[in-house]
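Scroll down for the structure; my scribbles are underneath it.
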Amino acid sequence: MDNKKSNIYLLYAIALLQGLVFYGPIATLYRQVQGLSVFDITLIESISLIIMILLELPWGYVSDKIGYKKTIIICNILYFISKIVFWKADSFSLFLAERLVLSVVISGLSGCDSAYLYLCTDKGDSQRIFGTYESMTTAGLICASIVFSVIIRDNYSLAAFLTIISYGTAMMLSLFLSEVKQNTTHIRFNEQIKMIYSAITGNKSFFMFLFAAALLAESNQTITVFLNQLQYLRSGIEPRYMGYIYILVTISGLLAAYSYKISERLGEAAAIRLLFSVACIACTVLTLSSHPVISVLGILILRISASLFVPMRMDIENRQIRLSCRATILSVYSSVRNVMAVGTNLIFGKMADINIRYAMISGAAFCLTGLIAYTVWNSKPGTKK
């Protein structure tokens, strides 16, 4: 097996292990037990996103400079530390500290893992590889959910501790990655910034795509990870059943591996418009209904739509890049998306504290806006598809 294939399989294994978040089915309830409100949770998320935005560009530059392998190793060490902090967290300040460490990690991995995979992939095969990579994280979540439902149940502390074990193992595996050639020339930071600025300003319309992608991603993240549990309670579903529902919803994320087939069958543009439309409908249904089956289906459909879109987004972003500093530019793209997420998180949190229905209709509005933004971007002449 050559180094590139070995690297891909190692990243798959790391993604699987980092998907083993055993407290996932009760992530919001876990924090509420420790005294946080929904707004506290989303406020921490927004602060975390601001830090991520500030670190994205420096991390991208460092990744291109020191190599993607070293960046991944450093970030996975910090990832492991963040889970230890989460396990011990029992106050707003400690949960904030955990998210701040996580901000450093995510801003470091953002663009870096995508660029690393892209350089390990044969031409024309990137969307399939990205889809499988996303699915491995989902597979980990499924395994963790089964363990939670069958073994852990009400032992929240054990769920957090087992997550530490899985992230420690992922950290160890990252040490076996080999570096990939980036074909970069060593240029000064200020010169690289000028090149990146020129490349990005020369493709200003792409910000509309990033805006659309952020709205769908954050609607999915906030609703299917944090607000889903409140929707289930509204529907009369008891917490002991949420682990099983989480398994079902998480399994749906495995469909990301088939994203490329939908693009091939419908065409990329039509497929993306369909996914945004379906996500909007799902959020609308969640607003109008409190029936348990419909609530679960709404969350399920939203997750599927967002999961199928991720490999398409990753492929489109990578196709826009013509410079060698790939991770840096991908970090800029991520920063733009995160700027949007700061606002959506606060809106979701405030709306949920008033009434969960208001949060769900906000999700529908965001997905509809994303659909419009994507359609406008895609229709512009000369757009780099």
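Put simply, the side chain of D353 gets close to the backbone of F39: a donor and an acceptor are under 3.5 Å apart. No donor-acceptor distance shorter than 3.5 angstrom exists from the side chain of S289 to the backbone of L286, with no hydrogens or angles considered. In terms of modelled atom types and a separation under 3.5 Å, the side chain of T222 and the main chain of S219 share no donor-acceptor contact.
Separation of atoms OG1 (T344) and CD (Q221) is listed at 10.0 Å; rounding is to 0.5 Å. We find the CG-CZ distance between L36 and R31 to be 8.0 Å, quoted to the nearest 0.5 Å.
Between the side chains of D113 and Y68, no donor-acceptor pair of N or O atoms lies under 3.5 Å.
Taking the six-membered ring where the residue is Trp, Y79 and Y167 present perpendicular rings, their angle passing 60° and hence far from 30°. Using cut-offs of 30° and 60° for the angle between ring planes, the F309 and F276 rings count as perpendicular. Taking the six-membered ring for Trp and thresholds of 30 and 60 degrees, W377 and Y374 have ring planes inclined between 30 and 60 degrees apart.
Hydrophobic cluster membership is shared by Y118 and L10, with clusters built from Ile, Leu, Val, Met, Phe, Trp and Tyr side chains linked at under 4.5 angstrom.
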Practice task
Report the C-alpha separation of T224 and R303 in whole Å, then their side-chain angles, then the decisive distance to 0.1 Å, and conclude whether the side-chain hydrogen bond (donor to acceptor under 3.5 Å, both in side chains) test is met.
Solution key: CA-CA 7 Å; T224 69; R303 172 63 69 88; 3.3 Å; yes
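Screening S252, P25, S149 for a side-chain contact (heavy atoms from CB on, under 4.5 Å) involving I247 leaves a single residue, S149.
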